[in-house]
Amino acid sequence: RVVTRRAAHLACTVTSPRHVLAITFTNKAAGELQARIRAQEVGWGITACTFHALGARLLRDYHELSGVSKNFTIFDREDRRKLLKQAIEQAGLNTSNWTPAKIEPAIGRAKNAMQTAAEFSATAADWLQRTVARVYAVYEVLLTQNGGLDFDDLLMRFARLLDRNASVREELEDRFRYVLVDEYQDTNAAQYKIARFLTQRNQNLCATGDPEQSTTMSWSCLGTASRRCSVWIPRFSHSSNFRSLRPTTTSLQSVVCNTCATRLPKRPDPTTHTAMRRSIGTCVSTWNAAASGSTNTASSSGTASGKACR
């Protein structure tokens, strides 16, 4: 709701709808985003889509500069694995030991980290990575021969297009003057670069999310997600609402602070704490009552009180 309300507000008061870009992560979420924005009756023109859809659209628009065919085919997971099996065979490996399911995640991580096949090969540190690099190189050749891109290419190639072509970047910065990113905790390196490249000049980037709600991690690797998300934090101030108050953040901190030493602390804004506490005393009292329960029920109390205060 934060993203949709802000997008609608910007389109009605600050700029025209065509200058607003709202990005999320799944097709379902993008559909809901579009429906909620339409419900605000702000007119047509706001671009609301996923990172991948944005990449696909703009790679076609700038296909000559991005080095791809305008009519490229997007390979889904099934097509990708079929092509990976061919790449494994052509790399001279046994497909019983080296299956597409084993190779695919490594290549995906490399692309999300903005590494081409040559760059990945140059940094391969052991026998396993060097073997993956062989398959990666053959796989890229097969993709080119088939006029295709996989989903990770949509991000990597779009980010590299923005990085290497100032004219494209400036044109898109003029078009998308206000960029909003939902669920930022799920971004990878390529997606982060896309968001930053699109907002270097205007500096109008609004990101909402929580590293503890990342869909790409387990609790055991919360610190990794926190470090990944920390690159966003210095650019933006936290939102000011009752969840920014000291009782709320302190109680939440007590539930998850022992998960990982490197997690990002949630600290309240002192100004917000002073200004808002009078208007929401009931909510804070409810939270404090729930947070004062036994340590054995701290997690469930925190969840229940959080729902009561929302």
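Just so we're clear, the structure is a prediction, and the values are computed from it rather than from any experiment. Numbers here simply count residues along the sequence, with the first being 1. Heavy atoms only: backbone and side chains are in, while hydrogens, waters and symmetry mates are out.
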Less than 4.5 Å apart, side chain to side chain, heavy atoms only: is that true for [X] and [Y]?
X    : Y    : answer
E89  : K85  : yes
T73  : N146 : no
V68  : D153 : no
N204 : V179 : no
Y178 : N202 : no
L21  : L172 : no

Verify same cluster id: [X], [Y] (apolar side-chain graph, 4.5 Å):
X    : Y    : value
L93  : L84  : yes
I107 : L154 : no
L149 : F75  : no
F120 : L142 : yes
V14  : V2   : no

E32 vs K28, test: side-chain contact (heavy atoms from CB on, under 4.5 Å). Steps then yes/no. CA-CA 6 Å; E32 293 176 355; K28 180 180 178 181; 3.6 Å; yes
Sub-3.5 Å donor-acceptor pair from the side chain of [X] to the main-chain atoms of [Y], do we have one?
X    : Y    : value
D163 : A159 : no
R60  : F72  : yes
R177 : D174 : yes
H19  : R175 : yes

Which pair of heavy atoms, one from [X] and one from [Y], lies closest together, and at what distance?
X    : Y    : result
I88  : T99  : CD1-C, 3.7 Å
C49  : R57  : CB-NH2, 4.3 Å
Q129 : D126 : N-OD1, 2.8 Å
A91  : V135 : CB-CG2, 4.2 Å
E140 : A117 : CG-CB, 4.2 Å
E173 : T199 : OE2-C, 3.8 Å

Rounded distance [0.5 Å steps], [atom1] in [X] versus [atom2] in [Y]:
X    : Y    : atom1 : atom2 : answer
K193 : L162 : NZ    : CG    : 11.0 Å
R36  : R5   : CZ    : CZ    : 9.0 Å
Y184 : I23  : OH    : CD1   : 15.5 Å
L65  : R164 : CG    : CZ    : 12.5 Å
F176 : L58  : CZ    : CG    : 6.0 Å
E119 : T123 : CD    : OG1   : 8.0 Å

For the residue pair Y62 / N165, report whether a side-chain donor-acceptor contact shorter than 3.5 Å exists.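 There is no such pair between these side chains.
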Looking at R81 and E104, is any side-chain nitrogen of the basic one under 4.0 Å from a carboxylate oxygen of the acidic one?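 The answer is yes: the pair qualifies as a salt bridge.
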Lys/Arg N to Asp/Glu carboxylate O, K82 vs E78, below 4.0 Å: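 The answer is yes: the pair qualifies as a salt bridge.
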Residue among N188, D150, D152 satisfying side chain to side chain donor-acceptor pair (under 3.5 Å) with K111: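 Among the candidates, only D150 passes.
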Could you go step by step and tell me if I103 and V132 meet the side-chain contact (heavy atoms from CB on, under 4.5 Å) rule? CA-CA 7 Å; I103 298 290; V132 172; 4.1 Å; yes
side-chain contact (heavy atoms from CB on, under 4.5 Å) for L205 and R196? Distances and angles first, verdict last. CA-CA 8 Å; L205 175 58; R196 289 298 305 129; 4.2 Å; yes
Which class fits the ring pair F25 and F51: parallel under 30°, tilted 30 to 60°, perpendicular over 60°?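 Because their plane-to-plane angle lies in the 30° to 60° range, the rings of F25 and F51 count as tilted.
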Starting from the C-alpha separation in whole Å, work towards a yes-or-no answer on side-chain contact (heavy atoms from CB on, under 4.5 Å) for H52 and Q191. CA-CA 9 Å; H52 292 87; Q191 290 161 332; 4.1 Å; yes
